Amino acid sequence: MMRFVWFWTFWHWSSESFRTGCLLHSPVQGVGTHWDEWFHHEASEEDRRAMTDTGRSETGQREFITWLYRHWAREQDWSNHRMVARFVIGQLAHLPPFGHWVAFEKYRTGRFRDGISSLVLAEGSSGEVTDVRPMEALVLPKDHAAGDGFLTDGFQTDREDIESPRLATISLLRGKGLLFFLILWMAGGRRPYPLWLKFILNLGWLLTGGLILYLLCGPDPREQLPVLVAILAGLWGALMLMAVTVISAQAVLARRAGEYWFARLEENQVRLRMEGGLTFKGASAGLPFCLNALFSLYRAWPEVTRRSWLWRSFFHRLNAETGSWAATGVITPSGFLKPVVLEPKIRAAQLHDRIRHVITPRQCDAREAARHAAKKSKSPSSHRHEPVAPVVEANGIRLGYAADYAAEKPFLRIHACRHAAQSLLAIGALASRWQMTANICAVGISLVLLAAAPDLRAILMPYPSPAPMKPASPSPNFLWVSLDTDHPRYFSVVLESSYWACRRVDVARYTGANASVRAEILLTSSGVKGSGTVGTIWVERAPHFLTRDFGPGERVGRYSLPYMFSLGAD
């Protein structure tokens with residue numbers, strides 16, 4: 001550490017000069033200009049000799065870089081903020097004496113600057129490869145002299161065009177944008193299940209659907225009905241518990257990660273860098289600003305994703321495919337995307353060697369713009385390689401290429417989104433048609449079971465046996481069996497008599513002057529001589545499953561005809 005005391009000397013001078021007001025920017029955000037000033041006017045000969053000794057070998061240069069990451073950042077309480085040391089090294093890499101150090105080469109060439117490229121057309125451009133603008137976003141400690149919110153470096157834009165992406169970023173971290181993202185994922189996103197568990201769960205839903213079809217259309221299970229219903233209810237309950245638990249856990253963890261990044265975003269500033277010195281007209285780069293800001297938070301605090309599978313899936317795939325994504329779109333503070341000019345931008349992405357995916361707003365002319373861009377790219381003046389006709393897929397537009405160019409760039413895929421949350425699903429490869437189909441089936445099965453819940457409850461936990469009560473029938477041709485129950489659907493009454501014709505009648509609820517829950521039995525002689533008071537009234541359970549009526553269930557009440565006739569006597 002004593003070998004690099006010259007850097008401590010510079011840092012102390014920079015910090016004190018900023019504190020006293022001699023320097024405009026903070027030591028971190030103004031490190032480049034501060035170093036240039038100190039190196040040319042304040043550094044002692046001893047400091048210069050020490051720097052020369054460090055830079056004599058590539059090993060010494062790498063030791064200095066390692067020291068900045070491991071020791072200097074920790075001494076400044078930035079050990080958990082990985083971007084500060086990287087930003088400082090990147091700024092110093094272009095200045096003497098570091099400009100000639102081999103170990104700083106990757107920081108000078110911008111090797112680590114690739115994020116999501118922005119499709120920005122130069123004035124008068126019809127779509128050139130140079131219109132694909134690589135972007136870098138870094139989260140740095142606040143420098144109030146530079147302004148609040150997002151900062152721009154290397155380009156200029158209106159303040160409102162940079163404020164909307166900032167608010168959209170906040171929305172995706174902890175607001176309605178995050179809620180929209182979670183809803184989209186719940187509706188049709190991959191689940192964090194291992195393959196074996198996914199197979200078991202799918203099999204469980206198939207068995208649940210099969211049991212429902214069996215109960216609706218199969219043979220009467222008779223005494224096995226409670227067992228089948230118990231299996232159906234238990235299986236559905238276990239599947240729903242698993243789904244709700246996983247969804248709830250992932251939503252809570254994603255929310256916590258978003259809250260943490262939001263707190264860091266409020267404490268720091270996002271520095272957006274794009275080379276070329278452009279002056280933006282319009283806000284079509286709002287979407288890449290927002291996505292790169294999210295990416296910068298991950299790069300500064302990647303450990304936050306350890307417990308959130310959703311954020312980890314998004315950021316890990318983006319990090320693995322860094323440089324192959326481009327985006328364009330005007331973004332609102334709530335995260336919705338507005339239409340932009342697409343055709344020349346898609347053409348520029350086609351000509352770029354590394355771009356494989358383009359995120360665009362969902363607009364009516366997206367497919368036509370892609371087709372026109374492909375046709376114009378066929379001309380020799382626009383590119384030396386000839387693409388084949390575009391193939392339109394269900395979830396986007398895929399542009400294929402032929403000949404020797406196919407080995408270098410097989411296709412360009414366009415992801416049309418209405419909201420920035422959809423772009424998170426696209427980048428993280430979280431959308432799944434199979435999962436969406438499974439969810440639709442699961443919702444359909446659940447709706448059927450919820451509609452049949454009273455029937456299932458009556459089978460699994462039968463209602464108490466009802467007792468007969470008044471009123472009795474005012475007509476001698478009918479026998480009213482009025483029952484004390486609030487669930488007439490699940491009971492029926494049977495008349496067994498040697499004199500009267502035997503009948504089975506469903507119990508129903510009647511309104512009017514003699515309102516009651518009863519079964520009305522038409523008394524018809526069977527033709528056998530005997531007494532009309534001989535007979536028995538049975539109360540049976542009547543199991544149902546939606547539109548399916550099963551055979552007679554358990555008999556839960558037995559009453560004689562004289563007793564039933566006596567209920568109507570004064």
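Numbers here are sequence positions counted from 1. Note that this is a predicted model, so its numbers are computed, not measured.
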Exercise for review: List the atom of Cys290, the atom of Leu172, and the distance in Å for their closest heavy-atom pair.
Suggested key: SG-CD1, 3.7 Å
Practice item. Can you measure from CG (Leu495) to OG1 (Thr536) and round to the nearest 0.5 angstrom? Key: 8.5 Å
Point to revise | Contact summary for Gly115 and Asn292, nearest pair of heavy atoms | key: CA-OD1, 3.5 Å
Check your understanding: Which heavy atom of Met83 sits nearest a heavy atom of Ser296, and at what distance?
Key -> CG-O, 4.4 Å
For a quick test of your reading: what N or O donor-acceptor pairs under 3.5 Å do the side chains of residues 177-188 make, sequence neighbours left out?
{"residue": "Trp185", "atom": "NE1", "partner": "Arg190", "partner atom": "O", "Å": "2.6"}

Review point. Taking only residues two or more places apart in sequence, or in another chain, which ones meet Asp161 in a salt bridge (Lys or Arg N to Asp or Glu O under 4.0 Å)?
Key: none
Review point. Between Arg306 and Glu303, is there a salt bridge with N-O shorter than 4.0 Å?
Key: no
Could you pull out all donor-acceptor pairs under 3.5 Å where a side-chain atom in residues 545-558 meets a protein atom, sequence neighbours excluded?
{"residue": "Arg548", "atom": "NH1", "partner": "Leu215", "partner atom": "O", "Å": "2.9"}
{"residue": "Arg548", "atom": "NH1", "partner": "Gly218", "partner atom": "O", "Å": "2.9"}
{"residue": "Arg548", "atom": "NH2", "partner": "Gly218", "partner atom": "O", "Å": "2.9"}
{"residue": "Asp549", "atom": "OD1", "partner": "His544", "partner atom": "ND1", "Å": "2.4"}
{"residue": "Arg555", "atom": "NE", "partner": "Glu540", "partner atom": "OE2", "Å": "2.7"}
{"residue": "Arg555", "atom": "NH1", "partner": "Glu496", "partner atom": "OE2", "Å": "3.3"}
{"residue": "Arg555", "atom": "NH2", "partner": "Glu496", "partner atom": "OE2", "Å": "2.9"}
{"residue": "Arg555", "atom": "NH2", "partner": "Glu540", "partner atom": "OE2", "Å": "3.3"}

**Study point:** Spacing of Leu318 atom CG and Ser313 atom OG [to the nearest 0.5 Å]
**Key:** 12.5 Å
Practice item. Name all residues meeting the side chain to side chain contact (heavy atoms under 4.5 Å, CB included) criterion together with Tyr193; count only those two or more places apart in sequence or in a different chain, and write none if there are none. Key: Arg191, Leu197, Lys198, Leu201, Met242, Val246
Exercise for review: Could you list the residues that satisfy side chain to side chain contact (heavy atoms under 4.5 Å, CB included) with Ile200, not counting sequence neighbours?
Suggested key: Trp196
Practice item. Nearest 0.5 Å please: distance from the NZ atom of Lys470 over to the CZ atom of Arg518. Key: 15.0 Å
Practice item. Taking the six-membered ring for Trp and the full ring for Phe, Tyr or His, determine whether the centres of Trp325 and His415 are under 6.0 Å apart. Key: yes
Study note, to complete from the structure: Between Ala515 and Thr511 the two heavy atoms that sit nearest each other are CB-CA, 3.9 Å
Exercise for review: May I ask you to check if Arg541 and Tyr490 form a cation-pi contact, with NZ or CZ under 6.0 angstrom from the six-membered ring centre and within 45° of the axis?
Suggested key: no
Study note, to complete from the structure: One should read off an interatomic distance between Leu206 CG and Ile445 CD1, to the nearest 0.5 angstrom, of 7.5 Å
Check your understanding: Do we see a donor-acceptor contact under 3.5 Å between the side chains of Thr524 and Arg503?
Key -> yes
Exercise for review: Taking the six-membered ring of Tyr260 (Phe, Tyr or Trp), confirm whether the NZ or CZ of Arg256 is under 6.0 Å from its centre and within 45° of its axis.
Suggested key: no
Study note, to complete from the structure: Residues pairing under salt bridge (charged side-chain N to carboxylate O under 4.0 Å, His left out) where one sits in residues 204-214, two or more places apart or in two chains, turn out to be none
Point to revise | Partners meeting side chain to side chain contact (heavy atoms under 4.5 Å, CB included) with Ala233 (sequence neighbours left out) | key: Leu460
Check your understanding: Going by the side chain to side chain donor-acceptor pair (under 3.5 Å) test, which pairs reach into residues 234-252, not counting sequence neighbours?
Key -> Trp236-Ser446
**Study point:** Least distance between heavy atoms, Ile459 atom then Pro226 atom
**Key:** CG2-CA, 3.9 Å
Exercise for review: Report yes if some heavy atom in the side chain of Leu253 is under 4.5 Å from a heavy atom in the side chain of Trp309; otherwise report no.
Suggested key: no
Revision key, fill the gap. Side chain to side chain contact (heavy atoms under 4.5 Å, CB included) filter on Phe262, not counting sequence neighbours, yields Ile170, Leu173, Arg174, Glu259, Glu266
Review point. Going by the salt bridge (charged side-chain N to carboxylate O under 4.0 Å, His left out) test, which pairs reach into residues 226-252, not counting sequence neighbours?
Key: none
Point to revise | Listed once per pair and sorted, the salt bridge (charged side-chain N to carboxylate O under 4.0 Å, His left out) pairs that draw on residues 314-323, sequence neighbours left out | key: Arg317-Glu321
Exercise for review: Verify whether the ring centers belonging to Phe315 and Trp261 lie closer than 6.0 Å.
Suggested key: yes
Review point. Counting heavy atoms not belonging to Tyr214, are there more than 12 under 6.0 Å from its OH?
Key: yes
Point to revise | From Leu119 atom CG to Thr360 atom OG1, the distance as rounded to the nearest 0.5 Å | key: 9.5 Å
Review point. If you look at every heavy atom in Pro288 and Ser117, which pair is closest and at what distance?
Key: CB-O, 4.2 Å
Check your understanding: More than 12 heavy atoms of other residues, nucleotides or ligands under 6.0 Å from CG of Leu195: is that the case?
Key -> no
Exercise for review: Output the distance between atom CG (Leu294) and atom CG (Leu265), rounded to the nearest 0.5 Å.
Suggested key: 9.0 Å
Review point. Arg489 and Asp455: salt bridge (charged side-chain N to carboxylate O under 4.0 Å, His left out), yes or no, with the steps?
Key: CA-CA 9 Å; Arg489 170 178 167 81; Asp455 299 341; 3.3 Å; yes
Review point. Do Ser473 and Ser475 have a side chain donor and acceptor closer than 3.5 Å?
Key: no
**Study point:** side chain to side chain donor-acceptor pair (under 3.5 Å) against Thr328, all qualifying residues, sequence neighbours excluded
**Key:** Lys345
